Each structure stands twice: as structure tokens, then as C-alpha cells.
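Here's the structure, in C-alpha cells; my notes come after.
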Amino acid sequence: MADSLVPETRVLAVASHVVYGHVGNSMATFVMQSLGCEVAALNTVHFSNHTGYRQFKGTRATAQEITDLYQGLRQSNLTDFDVLLSGYAPSAAAVEAVGSIGIDLQQKAKNKPGSFFWVLDPVMGDQGRLYVNDDVVPAYKKTIHHADLILPNQFEAEVLSGVKITSLATLAEAITAIHRTYSVPHVIITSVQLFRLSQSGSTPNPPENFLTVIGSTTRSDGSPRLFRVDVPALDCFFSGTGDMFAALTVARLREAVVVAGNGLQTTKSWVSPDDVPSSALPLAQATVKVLSSMHSVLERTLEARDAELAAAGPTQNGDLGPEEQQKQEHLRRTKAAEVRLVRNVRFLRDPLVQFTVQEWKKEDLPAQFQ
């Protein structure tokens with residue numbers, strides 16, 4: 001099988017949960033289990049559906065409830081996790097509670113380098129705005145320096161670095177600042193729209209219908225090893241894609257570390273030797289597989305969405321006022337765009353690798369980073 005190189009992996013996944021659809025742990029748990037991971041899901045919220053519907057019912061876990069659940073695992077010796085994947089937390093106190101869990105798991109593994117790895121998705125906002133309370137930001141800034149890999153989107157990277165990303169130069173500056181400020185060994189900034197950024201160096205921008213994922217693993221001196229993968233953009237907004245990316249990365253990075261060999265599995269934070277170029281980093285190799293799987297699943301989701309919408313036709317009910325008709329149409333279109341995960345599981349396990357990783361070479365960096 002294609003996933004046979006993914007070693008047995010026990011994951012504690014701390015994120016949101018929805019009854020209907022695939023976001024948060026409802027996405028991540030299935031994805032990781034499909035690749036052979038044993039997953040314990042600790043849910044930080046329990047909602048009827050994702051918030052993109054603009055209406056939902058449910059509850060948010062308090063920091064104490066999150067802590068209690070972990071302590072319940074701990075008292076029964078059920079914390080032999082290889083990886084912590086942490087996502088959405090509903091409050092600053094909840095972020096701190098999740099941070100304490102990560103630190104505790106790190107302490108348990110401190111005498112066995114490489115035996116525990118923390119992937120942290122600092123869910124704070126997107127498209128230029130926060131969708132969490134302001135106090136969540138400093139809570140993340142206090143927590144992420146404990147993580148091994150963080151997965152901010154472009155807006156979250158700006159918040160964490162203090163750098164407005166307007167060009168390739170400022171993108172490099174933001175990643176370098178995150179490495180330096182938080183001592184995070186690995187960073188991936190998801191879905192940067194490079195065609196909107198001004199040129200820097202000899203690296204060409206992709207065309208407008210592409211998104212770019214930028215990643216980096218530090219060298220021993222803290223400098224970045226930058227790589228990029230350009231992927232075609234699909235004309236649809238899908239919820240849960242960040243959770244899919246994070247979950248696939250857990251499995252595929254574990255796989256890539258095994259393939260790399262040379263004792264990387266027993267190296268702190270799985271940081272490759274300095275002579276490994278950025279395009280050959282396990283993080284880069286994993287990212288290519290992750291994006292290939294995602295693109296195949298989302299392509300087929302888009303096809304199914306279009307077919308569903310075409311079959312039903314637009315919402316038309318003379319008994320409804322204009323506002324209610326608009327609401328019902330939004331609900332219909334949002335439901336149609338739910339990720340078709342289960343029917344396309346084969347692409348999680350056996351991605352059709354169709355993207356390439358590009359090394360962001362030294363000469364492409366601004367002078368201050370060379």
C-alpha cells in the first residue's frame with residue numbers, strides 16, 4: 001500500500017468538532033486514521049455544523065474541561081502519543097490549557113529526542129481579520145515557541161511576525177522573524193497569493209489562478225531553508241481545508257522522516273543537517289504529497305458541488321421574503337461545498353503526485369537574509 005511507509009503513529013488531536021461535515025477533528029481524525037494513525041480526539045467545541053453556515057448550535061469547552069479530559073487520560077497512562085496536533089481553541093484560557101498539554105507531553109519525552117512532535121495550527125483569523133478574541137493572540141505568542149511545526153495562514157503569519165506580507169521580500173522577512181522570535185524549527189505558511197506580491201530576486205510569481213505554499217526548516221544557526229509549492233486555485237471556498245492540510249502533514253512528515261533515514265527519527269524536532277537543501281527537506285517532500293492529495297479531493301468536491309447545485313436549481317419559494325430566500329440559497333450552496341472526504345479516501349492514501357517543490361535559493365532572498 002502507498003501508506004506502508006507511514007510508521008505506527010499515536011496522535012492526540014485537540015481541535016473543534018462538528019456533527020455534520022468535515023472541519024476540525026471531524027476532518028483531521030478521519031484523514032489521519034485513513035493513513036494508519038491511531039487518533040485520540042479531544043474536542044474543544046461541539047457544534048452542529050461549521051460556522052460558514054452563519055448559524056449553528058452547540059457548546060464550547062472551557063479550559064478546565066480540556067484540562068480535565070487530558071488529566072483523565074494521564075491518570076490511566078493513556079498519553080503515549082508520538083504527535084500532538086492542536087487546532088482551534090475557543091478562548092485564550094483554552095489556548096493556554098492546550099499549551100500545558102503540549103508541554104507535559106514534551107516533558108515525558110525529554111530524554112528521547114525525536115519521540116514526540118508538536119504540530120500547532122494557530123487558528124486566529126483569515127482574510128485580514130481576527131475571528132477570535134484579541135486576548136487569544138498573546139496566548140498563542142506565549143505558546144508557539146514550544147511547538148515543532150506551526151501552520152499559520154498568511155494573515156496569521158503577519159500577526160505572529162509583525163510583518164505585513166506585501167512582497168516576496170517581506171514574506172521571507174516574516175518567516176525569518178517567526179523562526180527567530182519563537183525558535184520554531186519548522187514553519188509552513190499556507191495559501192499565499194504570490195501573484196499579488198511584488199517581485200524580489202529571480203523567483204517568478206505564479207499566474208493568478210495559483211496559490212503558493214511556503215515552508216521552511218531552520219539550519220543550526222537559525223536561518224531559514226525556504227521552499228515553495230505552487231498549486232492551481234479552485235474557484236470555490238471550502239471549509240476544513242486547513243484541518244485537512246494539518247492532518248495529512250502529520251502522517252506524511254512522519255513518513256518523510258523515515259525515508260530520510262540517517263537517524264532523523266531520533267533527532268530533536270526532526271531537523272535535517274545543514275547540508276540538506278530546502279527542496280530535499282522531509283517537510284518539503286511531505287508538503288508535495290499533502291497538496292496532491294488535497295487537490296484531488298477538492299477537485300472532485302467541486303465537481304460534486306456543481307452537480308448538486310445544477311440538479312436542484314436555485315432556491316425559489318414565493319412564500320419567502322427576499323432576505324429569507326437569500327439565506328436559504330446561502331445554506332444550500334454552503335452544504336453543497338462540504339468536502340467529499342469519505343468517497344475520495346483513495347486520494348488520501350495514494351496521492352497522484354503532480355506538483356513540484358522549488359527551492360527558494362539564497363540569491364532569491366533579500367540581502368539581509370543572505
Side-chain angles (χ1 to χ4, degrees), residues 10-32 38-81 83-108 116 118-126 129-153 155-156 159-160 182 239-240 242-243 246-247 250:
R10 291 183 175 86
V11 183
L12 175 61
V14 184
S16 60
H17 171 79
V18 294
V19 175
Y20 187 97
H22 298 288
V23 301
N25 268 344
S26 306
M27 169 71 79
T29 299
F30 180 83
V31 169
M32 290 186 287
E38 297 289 346
V39 184
L42 197 165
N43 299 325
T44 58
V45 305
H46 192 187
F47 289 165
S48 55
N49 47 269
H50 69 70
T51 58
Y53 285 89
R54 302 176 189 164
Q55 57 184 20
F56 60 92
K57 299 286 187 179
T59 58
R60 295 172 172 85
T62 66
Q64 189 60 55
E65 287 168 339
I66 292 169
T67 299
D68 287 347
L69 287 170
Y70 178 71
Q71 290 302 325
L73 296 176
R74 203 171 187 273
Q75 71 184 7
S76 297
N77 302 320
L78 301 176
T79 57
D80 56 338
F81 299 110
V83 176
L84 170 63
L85 172 58
S86 60
Y88 177 74
S91 65
V95 171
E96 291 169 356
V98 176
S100 295
I101 292 171
I103 292 167
D104 186 66
L105 291 171
Q106 285 179 329
Q107 283 295 111
K108 287 175 77 273
F116 175 75
W118 182 357
V119 179
L120 188 156
D121 186 358
V123 182
M124 295 182 287
D126 201 1
R129 68 178 185 88
L130 291 173
Y131 44 65
V132 294
N133 292 333
D134 289 345
D135 60 352
V136 170
V137 175
Y140 268 121
K141 287 183 175 180
K142 282 180 10 184
T143 301
I144 63 173
H145 70 272
H146 295 289
D148 298 291
L149 164 63
I150 66 168
L151 304 171
N153 59 34
F155 172 69
E156 291 159 348
V159 170
L160 293 174
Y182 305 102
S239 293
D243 305 302
V250 167

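This structure is a prediction, so every number in the text was calculated from the model and none was measured. Worth knowing before you read on, the calculation uses all heavy atoms, side chains too, and leaves out hydrogens, waters and symmetry mates.
A 4.5 Å side-chain heavy-atom check between Phe47 and Arg60 finds at least one atom pair inside the cut-off. The closest side-chain heavy-atom distance from Thr51 to Tyr131 is not below 4.5 Å. Taking 4.5 Å as the limit, every side-chain heavy atom of Val123 sits out of range of all side-chain heavy atoms of Val132.
Between the CG atom in Asp148 and the CZ atom in Phe116 there is a gap of 7.5 Å [rounded to 0.5 Å]. Expressed to the nearest 0.5 Å, how far CD1 of Ile66 lies from OG of Ser100 amounts to 10.5 Å.
The aromatic rings of Phe30 and His22 are tilted relative to each other, their planes meeting at an angle between 30° and 60°.
At most 12 non-hydrogen atoms from other residues, nucleotides or ligands lie less than 6.0 angstrom from CD of Glu38.
Not a single donor-acceptor pair under 3.5 Å links the side chain of Asp243 to the backbone N or O of Asn25. Of the possible polar contacts, one joining the Ser26 side chain to the Val18 backbone as a donor-acceptor pair under 3.5 Å is found. A donor-acceptor pair is defined here as one N or O able to donate and one able to accept, closer than 3.5 Å; such a pair exists between the side chain of Asn153 and the backbone of Phe155. Of the possible polar contacts, none joining the Tyr88 side chain to the Val45 backbone as a donor-acceptor pair under 3.5 Å is found.
Across every non-hydrogen atom of Ala13 and Met32, the tightest pair is CB-CE, 4.0 Å. Closest non-hydrogen pair, Ser86 versus Val98, comes out as CB-CG1, 3.6 Å.
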Decide side chain to side chain contact (heavy atoms under 4.5 Å, CB included) for Ile150 and Glu156; before the verdict, give the C-alpha distance in whole Å, the side-chain angles of both, and the deciding distance to 0.1 Å. CA-CA 10 Å; Ile150 66 168; Glu156 291 159 348; over 6 Å; no
Tell me, with the steps shown, if Leu160 and Met124 meet side chain to side chain contact (heavy atoms under 4.5 Å, CB included). CA-CA 10 Å; Leu160 293 174; Met124 295 182 287; 3.9 Å; yes
